[in-house]
Amino acid sequence: MPILKQITKWTYAPLMLLTFNGAAIALVHSDAPKVSLAGLLLAAIAMSFLAEQYIPYQEDWNHPKGDTLRDGLHALVNESSIVMSVLLIPLLAALTPFPTIWPESWPLWTQLLIAILLADAGITLIHWASHRNEFLWRFHAVHHSVTRMYGFNGLMKHPFHQAIELFAGTAPLILAGMPLDIAVLLAFAVAIQLLLQHSNADMQIGALRRLLALAPVHRFHHLKSSTEGNVNFGLFTTIWDHILGTARFDADRRFFPGDLGIDNQPAYPSSYISQLIRPFRRGG
């Protein structure tokens, strides 16, 4: 294997995390217009697709399966809901009857790290519950209907389940007085994490698998078997999975087309509208 590809495999994930989140922090710190983060996110998406082409984990997963429009609509709707939620932060914070305890005097990067860790706890626990509660699973199943993993399908979620995750992840932060700048950075960090968590890039993360919920770890969660896939629920970290006893990793395990999906629902609807309706139908 060419040495450049080998280097890319080991450096891709750390560079994506540090470069793009670092650039976002720098932009916010400089009081640049918040819309500039949209351009930075587009650059991250482009980098994600380039990496998947250069160091693919499964070549077949780079080829659309009639899912391009569907995944694009999911991404558009769910990213828009995240942006709208961020814009509501000042209003919600003003309505909070509690005094702020947020450490606003701390450096931006430490405030963001706190926000990530707290949001990760709420979102991970809701994710874990969504595999055990029939009502929540109906909506979460949309995300598990994917049959290939690539960066863009991290946002393939039913809007109702997306709203539940957003509430679980951000409610404690809003009550604590999280400022708008940190909310914007958190939303950006979530987008970068989803790109990496569902990436088809053959990234090598070594010991980072014990802490970070990146693609080599998250692929186990998308196994179509309800027993094998009932693991690795973390969004940002594996901390809660270790606490819940749901952390799993096998360095020798390889994933192939046909391994993903929902075992007992192989004909799960594949169009956007049908996926929105499915949870409300009998047997959904």
Side-chain angles (χ1 to χ4, degrees), residues 11-41 43-44 47 79 82-83 85-127 154 165-197 203 205-214 217-218 233-244 247:
T11 59
Y12 170 60
L15 285 178
M16 279 283 286
L17 288 170
L18 295 174
T19 301
F20 285 102
N21 284 308
I25 291 171
L27 285 173
V28 170
H29 183 69
S30 67
D31 292 324
K34 300 293 189 293
V35 70
S36 61
L37 291 179
L40 193 60
L41 179 58
M47 185 64 68
E79 269 299 313
I82 291 174
V83 171
S85 299
V86 168
L87 294 177
L88 287 173
I89 293 291
L91 174 61
L92 295 174
L95 295 174
T96 301
F98 308 106
T100 180
I101 59 172
W102 192 266
E104 291 190 59
S105 62
W106 292 12
L108 279 179
W109 72 268
T110 56
Q111 294 184 53
L112 175 59
L113 183 59
I114 290 171
I116 285 174
L117 291 174
L118 291 176
D120 188 53
I123 293 172
T124 300
L125 291 175
I126 283 295
H127 192 180
E165 284 189 339
L166 276 174
F167 177 80
T170 61
L173 300 174
I174 294 171
L175 291 174
M178 175 179 63
L180 178 61
D181 281 352
I182 301 303
V184 170
L185 288 173
L186 177 61
F188 184 87
V190 168
I192 298 299
Q193 181 65 17
L194 289 174
L195 284 173
L196 288 171
Q197 190 175 59
M203 63 183 76
I205 60 174
L208 287 177
R209 65 177 175 78
R210 301 184 184 277
L211 178 63
L212 301 182
L214 298 172
V217 172
H218 194 65
F233 297 99
L235 172 59
F236 284 101
T237 77
T238 61
I239 293 172
W240 283 94
D241 282 302
H242 287 294
I243 293 173
L244 293 167

CG (Leu118) and CZ (Phe236) are apart, to the nearest 0.5 Å, by 11.5 Å
Atom pair CZ (Phe20) and CD1 (Ile25), whose distance is rounded to the nearest 0.5 Å
14.0 Å
Working to the nearest 0.5 angstrom, can you tell me the gap between Asp120 CG and Trp240 CH2?
9.0 Å
Go through it in stages, so that I can follow the logic: the residues are Leu244 and Leu125, the test is side-chain contact (heavy atoms from CB on, under 4.5 Å), and I'd like the CA-CA distance, side-chain angles, deciding distance and then a yes or no.
CA-CA 9 Å; Leu244 293 167; Leu125 291 175; 4.3 Å; yes
How far does OG of Ser85 sit from CD1 of Ile174, to the nearest 0.5 angstrom?
8.0 Å
Ile114 vs Trp102, side-chain contact (heavy atoms from CB on, under 4.5 Å): CA-CA, chis, key distance, verdict:
CA-CA 10 Å; Ile114 290 171; Trp102 192 266; 4.2 Å; yes
Pairwise distance CG(Leu185) to CG(Leu113) - rounded to 0.5 angstrom
12.5 Å
Identify the heavy atoms of Thr100 and Gly177 that sit nearest to each other, and give their distance.
OG1-CA, 3.5 Å
Got Val184 and Phe188 here, is their nearest side-chain heavy-atom distance under 4.5 Å?
no
Show me the pairs that pass salt bridge (charged side-chain N to carboxylate O under 4.0 Å, His left out) and involve residues 19-36, at least two apart or across chains.
Lys34-Asp181
Test item: Ile243 and Ile239 side chains (from C-beta on) under 4.5 Å apart, heavy atoms:
yes
Gln193 side chain to Leu235 main-chain N or O, any donor-acceptor pair under 3.5 Å?
yes
Are Leu212 and Ile205 packed together at the side-chain level, in the sense that at least one heavy-atom pair is separated by less than 4.5 angstrom?
no
Would you say His29 has more than 12 foreign heavy atoms packed within less than 6.0 Å of its NE2?
no
Which pair of non-hydrogen atoms, one from Leu27 and one from Ser36, has the smallest distance, and what is that distance?
CD1-OG, 3.8 Å
Nearest heavy-atom neighbours spanning Leu208 and Pro14
CD1-CG, 4.5 Å
Can a donor-acceptor pair be found, under 3.5 Å and without considering hydrogens, that links the side chain of Thr124 to the backbone of Ala121?
no
Is there a donor-acceptor contact under 3.5 Å from the side chain of Thr237 to the main chain of Ala213?
no
Drop me the distance from Ile82's CD1 to Leu194's CG, to the nearest 0.5 angstrom.
7.0 Å
Does a side-chain heavy-atom distance below 4.5 Å link Leu173 with Ile182?
no
Closest approach of Met178 and Ala183, non-hydrogen atoms and distance?
CE-CB, 3.7 Å
Counting N and O atoms only, with roles assigned by atom type, does the side chain of His127 sit under 3.5 Å from a partner on the main chain of Phe233, one being a donor and the other an acceptor?
yes
Heavy-atom pair with the smallest gap, counting every atom of Trp106 and Gln111:
O-NE2, 2.7 Å
Least distance between heavy atoms, Ile123 atom then Glu165 atom
CG1-O, 3.5 Å
Sorted by first residue and then second, give each salt bridge (charged side-chain N to carboxylate O under 4.0 Å, His left out) pair with at least one member in residues 13-22; sequence neighbours left out.
none
Counting only heavy atoms not in Met47, do more than 12 sit closer than 6.0 Å to its CE atom?
no
